[in-house]
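Let me begin by presenting the structure, written as structure tokens, before commenting on it.
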Amino acid sequence: MFSDADAAALYDLLNPWEPESRPSDRFYDELVGAADSVLDIGCGTGAMLHWAREHGHTGRLTGLDPDRAALARARRRDDIEWVEGTAADAAWRAAFDLATMAGHAFQCLVTDDALRASLAAIRAALRVGGRFTFETRHPQARAWEDWNPSNARDLTDPAGRALRVWHRVESRAGDLVTFTGTTAEPGGRVLRVDRTTLRFLDVAALDAFLAGAGFGIEGRYGDWGGGPITGRSREIITVARRM
Ligand SMILES: C[S@@+](CC[C@H](N)C(=O)[O-])C[C@H]1O[C@@H](n2cnc3c(N)ncnc32)[C@H](O)[C@@H]1O
């Protein structure tokens, strides 16, 4: 048995929020620290907002995510508002200075309809001039090629179980990649398989969606140090502004 709660705890183990050592986390942490009110969409287990509150953020912090088990972990802090729902469900009006989708959560928006509905809701939730910041893996880097069992990781989970976790790509269709994440005992007995589809938009397609939703591009980076996008960039990092 490897429950949804176990999977959420494992997520935190595999993806600790560490702004002091991880440039991607620092990038978001600086933006969050400078904003009075923040809506973190696809907040997952809430680590980014937990860190911000713990490190002195006194403004409004709100996390939104459709995954109940992840939100249950997020709710361990009750001085932050946690809301269950998708980006498209966001019903706030001109309430936030900053909206974020960290940890490649933006790639979970896989259909054109989901992208349009999500961007419209995010825009409405922002004050005029508010920013929406997110990253998406650049398709040119073909990150999915690393998602295979030869990159399996062995670890001990928070409950003390020895585990082996790995990914396997099932299909690639256009800009969609579907893959499984398997959690197993070290001997190979499979405890759990999760299937995910992510969308890999290129810069032109991304910018068409953003412009169509009423966002302008304020900042665009190819790496977490603030460098421009080049032919070798692995990320498309965007700071969009509500027009
Ligand atoms: C890879 S996790 C990132 C979690 C967190 N932002 C981080 O940086 O660790 C992606 C998250 O996006 C959430 N998600 C999936 N579809 C979503 C949607 N349509 N709207 C908002 N969040 C979504 C998932 O439930 C998951 O918690």
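Read the numbers this way: they start at 1 and go in the same order the structure lists the ligands and their atoms.
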Please report which non-hydrogen protein atom sits nearest to [atom], along with the residue it belongs to and the distance in Å to one decimal place.
atom: atom 21 (C) of ligand 1; answer: Ala87 N, 3.4 Å
atom: atom 1 (C) of ligand 1; answer: Gly103 O, 3.3 Å
atom: atom 26 (C) of ligand 1; answer: Asp65 OD2, 3.5 Å
atom: atom 17 (C) of ligand 1; answer: Pro66 CG, 3.8 Å
atom: atom 16 (N) of ligand 1; answer: Cys108 CB, 3.5 Å
atom: atom 9 (O) of ligand 1; answer: Tyr11 OH, 2.6 Å
atom: atom 5 (C) of ligand 1; answer: Gly42 O, 3.4 Å

Taking only heavy atoms of [X] into account, list the atoms of ligand 1 that are under 4.0 Å away from them.
X: Ala102; value: 3 (C), 6 (N), 8 (O)
X: Gly44; value: 27 (O)
X: Asp67; value: 25 (O)

Original post:
Parallel, tilted or perpendicular for Phe200 and Trp144, by the 30°/60° rule?
Top reply: perpendicular
Original post:
Hey, what's the ring geometry for Phe106 with Phe132, parallel, tilted or perpendicular (30° and 60° as the breaks)?
Top reply: tilted
For [Y], is there an ion pair with [X] - N to carboxylate O distance below 4.0 angstrom?
X: Arg161; Y: Asp6; result: yes
X: Arg195; Y: Glu170; result: yes
X: Asp4; Y: Arg68; result: no

With no hydrogens and no angle check, do the side chains of [X] and [Y] hold a donor and an acceptor under 3.5 Å apart?
X: Ser150; Y: Asn148; answer: yes
X: Ser37; Y: Arg127; answer: yes
X: Arg168; Y: Thr180; answer: no

Original post:
For ligand 1, is there an atom lying under 4.0 Å from some heavy atom of Ala70?
Top reply: no
**OP:** Examine the proximity of ligand 1 to Asn15 and report which part, side chain or backbone, both or neither, has a heavy atom under 4.0 Å away.
**Re:** neither
